[in-house]
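What follows is one structure encoded as structure tokens, with my remarks underneath.
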Amino acid sequence: MSRLCHTLFCAVLLASPAAAQNLDSLLGRMTLAEKLGQLNLLSANGQASPQQLQLVRAGKLGGLFNVIGAENTTPVQRVAVTESRLKIPLLFGLDVIHGYRTIFPIPLGEASSFDPDAAEATARAAGQEAAAFGINWTYAPMVDIARDPRWGRIAEGSGEDPYLGSLLAAARVRGFQQTIFATAKHFAGYGAAEAGREYNETEISQRTMREIYLPPFKAAVDAGVASLMSAFNDIAGVPASGNAWLTDTVLRREWGFTGFVVSDWTSVAELINHGVAGSRAEAGRRGLMAGVDMDMQSSIYVDSLAALVRSNRIPLRVVDSAVMRILRAKKRLGLFRDPYRAHTAPPNAELRALARRVAGESIVLLKNERSPLPLDPNAGTIAVIGPLADNKEEPLGPWHTQGQASDVVTVLQGVKSKVVAGTQVVYAQGSGIEDSATAGFAEAVAAARQAKVAILVLGERGDMSGEAASRSSLGLPGVQEQLLEAVAATGTPVVLVLMNGRPLILEWAWDHVPAIVETWFLGVEAGNATADVLFGAVNPSGRLPVTFPRVLGQIPLYYNHRNTGRPPDPNNKYTSKYIDVPVTPRYPFGFGLSYTTFSYSNLKLSAARARVADTVTATVTVTNAGNREGTDVVQLYVRDEVASLSRPVRELKAFRRVALRPAESRTVELRIAVRDLWFYGLDMKRVVEPGTFRVFVGPSSAEGLEASFECIP
Ligand code: NOJ
């Protein structure tokens with residue numbers, strides 16, 4: 001059975017010859033207007049408008065998105081399948097990014113778990129919940145690699161690494177597609193926006209595109225993703241929503257993708273602003289000819305392309321192919337059999353338990369100098385301070401669909417639920433998230449003075465990351481930094497809990513605050529999961545999926561960079577570095593602490609020499625050297641020492657979460673399939689070159705034991 005056949009769509013796929021015949025005959029009965037109608041996708045505002053219903057009746061809509069609730073999708077679907085001439089059912093789309101009503105951690109947070117099973121589980125749950133409310137298609141997962149934390153959408157992806165990103169992309173596709181269609185977006189290179197400025201141009205070499213930005217899309221395609229969304233950005237002058245190299249040559253011809261491509265919101269019309277089309281019709285022609293099948297929100301295909309088809313400027317077969325891709329998708333989803341697809345959501349208690357568990361795994365302990373954490377629930381008065389401490393809205397993050405603030409457990413609530421009778425919890429907001437007012441400081445300082453420990457919950461508003469949320473400075477907004485300093489000045493030990501959608505740059509805090517916990521935006525169970533970690537019920541195991549720079553001027557900073565001809569050398573001025581700041585990050589990719597410590601020894605490779613078809617197994621002994629149970633993420637990186645091209649100093653190739661009891665040692669195996677050590681050679685063909693590969697196994701991208709093997713021809 002094919003790899004695609006692991007979801008409910010399997011049976012339909014296997015039935016494809018008969019299905020294809022039916023669809024051919026359906027296509028044969030369609031007018032040109034009806035064909036272009038299938039390629040048209042519009043956003044509703046909760047409910048379909050009367051005009052949109054009219055379009056459905058006339059067969060001029062292939063799908064709607066942002067229709068919320070089965071009580072709203074069902075009547076529209078009824079119009080489609082009973083009142084339109086050909087009775088073709090509609091797709092109902094929605095941005096179910098990290099939950100429908102039950103909001104899970106933002107994808108960047110969840111990526112910190114280095115746990116594809118967790119990502120699959122939350123995507124499955126989100127898909128099931130969305131399906132119960134009439135949705136059959138999500139615009140997720142976002143699989144854009146992001147190397148620039150100024151770019152707000154970094155929150156929605158899996159960070160900077162193509163290997164981790166690929167595993168999570170495939171896991172999320174599998175999870176969603178248990179019930180609804182997924183969309184891998186934004187194809188491609190959107191995360192490379194220059195200067196981190198949203199929607200900006202990109203300059204990506206074909207090699208970097210293929211080695212860094214495309215692998216997560218390929219992984220999504222291999223996992224059977226139903227659709228891809230074309231991006232807003234241009235790549236070296238060629239907009240992604242009119243880029244035949246991407247959507248035809250690579251996606252369809254090289255990868256064999258048989259699903260459909262939907263544009264991003266008006267990205268076909270925006271070809272005019274890009275300056276590659278002089279009219280709406282020309283923009284539509286460019287988009288469709290490039291392989292963008294469905295036009296989101298521009299209405300260009302349905303309004304402006306018929307004349308071009310009639311005059312043969314767009315061959316009818318191009319329209320027919322696009323229509324067939326949409327019809328096949330609808331068939332694959334089962335819409336012709338069951339247009340309403342009634343589903344029940346998993347029980348609430350199950351969803352909440354999953355949300356809490358995955359949120360706990362997503363937390364990264366950045367600093368714990370002299371171990372102020374975990375806190376003692378019996379330690380006396382605890383102050384909980386900050387604009388995010390009792391905030392129910394922001395933990396939902398940037399894309400919270402139907403998430404409700406009332407469902408959120410705040411950090412204050414979580415802390416209160418942990419302390420034992422007799423321990424007092426005092427709360428002071430201190431300031432707003434972005435306020436310039438310091439009037440609340442006095443109350444916060446007084447709360448800290450009477451406490452044994454002060455937990456400060458600081459960070460960003462949920463919508464300061466996500467779409468159209470690029471930032472030019474990455475400090476704490478407003479007066480939060482001053483609030484932190486004022487509280488720290490009391491002498492009461494401070495625990496800083498960060499809530500944010502991107503790496504922040506907190507120079508003062510990194511140096512002066514003894515305990516720092518990165519919680520991202522954790523969703524509805526934010527407060528419980530944070531308190532689980534603060535009080536040690538959960539030993540933190542999250543690892544950074546993205547590099548934290550020291551200062552803004554280092555951006556872009558990522559672990560899998562090339563060596564340069566003059567790698568940094570502190571004793572040689574004329575090497576690649578800065579004169580005013582170290583070249584290294586503040587916290588490297590893969591970094592995260594635990595309440596226990598892990599030691600690594602005895603790294604061995606199964607072979608000193610291997611051929612491309614072979615697998616080399618690395619074994620390493622990992623020991624829990626502390627006195628608490630904990631989970632480590634054992635990471636394996638590879639470096640191609642000498643190649644025909646300069647290769648990254650390290651590339652993640654394997655990792656494993658390993659749970660260890662105190663004093664327990666385990667031999668951990670990590671496999672390297674030599675064929676996965678490919679890159680694009682001088683001739684732009686994929687190649688694994690013979691030679692030495694250095695292998696690093698350790699707890700982050702900046703550490704590790706080393707060994708090496710020879711790849712032989
Ligand atoms: C624009 C965003 O870029 C995309 O990610 C999203 O799916 C669409 N809007 C639809 O809401």
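In what follows, residues are counted from 1 in the order of the sequence shown. All values below were derived from every heavy atom in this structure, side-chain atoms included, with hydrogens, water molecules and symmetry-related copies excluded. Both counts, for ligands and for their atoms, begin at 1 and track the order of listing.
- Put simply, part of R153 is less than 4.0 Å from ligand 1, judged by heavy atoms.
- Closest to atom 1 (C) of ligand 1 among all protein heavy atoms lies D264 OD1, 2.9 Å.
- Residue contact check: E467 has heavy atoms under 4.0 Å from atoms 1 (C), 2 (C), 3 (O) of ligand 1.
- A donor-acceptor pair under 3.5 Å links the side-chain atoms of T138 to the main chain of V96, judged by distance alone.
- Atom numbering of ligand 1 starts at 1 in the shown order; those under 4.0 Å from a heavy atom of F65 are 10 (C), 11 (O).
- Note on ligand 1: E156 sits outside its first shell, no heavy atom being nearer than 4.0 Å.
- Centroid-to-centroid, the aromatic rings of Y139 and F65 come within less than 6.0 Å.
- At least one heavy atom of M229 sits less than 4.0 Å from an atom of ligand 1.
- Dense packing is recorded around CZ of R78, with more than 12 heavy atoms of other residues, nucleotides or ligands lying under 6.0 Å away.
- Seen from the ring of W137, K185 does not count as a face-on cation partner, given the 6.0 Å and 45° thresholds.
- Of all the atoms in ligand 1, the ones that sit under 4.0 Å from a non-hydrogen atom of Y139 are 7 (O).
- Judged by the 6.0 Å distance and 45° axis criteria, R252 is not positioned over the aromatic ring of F257.
- In this structure, F176 has its ring center no closer than 6.0 Å to that of F181.
- Of the polar atoms of Y190, none of the N or O atoms is found under 3.5 Å from an N or O of ligand 1, judged by distance alone.
- Remark: D338 CG is packed, more than 12 non-hydrogen atoms of other residues, nucleotides or ligands lying under 6.0 Å away.
- Closest protein heavy atom to atom 10 (C) of ligand 1: D95 OD2, 3.2 Å.
- The proximity of K185 to ligand 1, defined as any non-hydrogen pair under 4.0 Å, is limited to the side chain.
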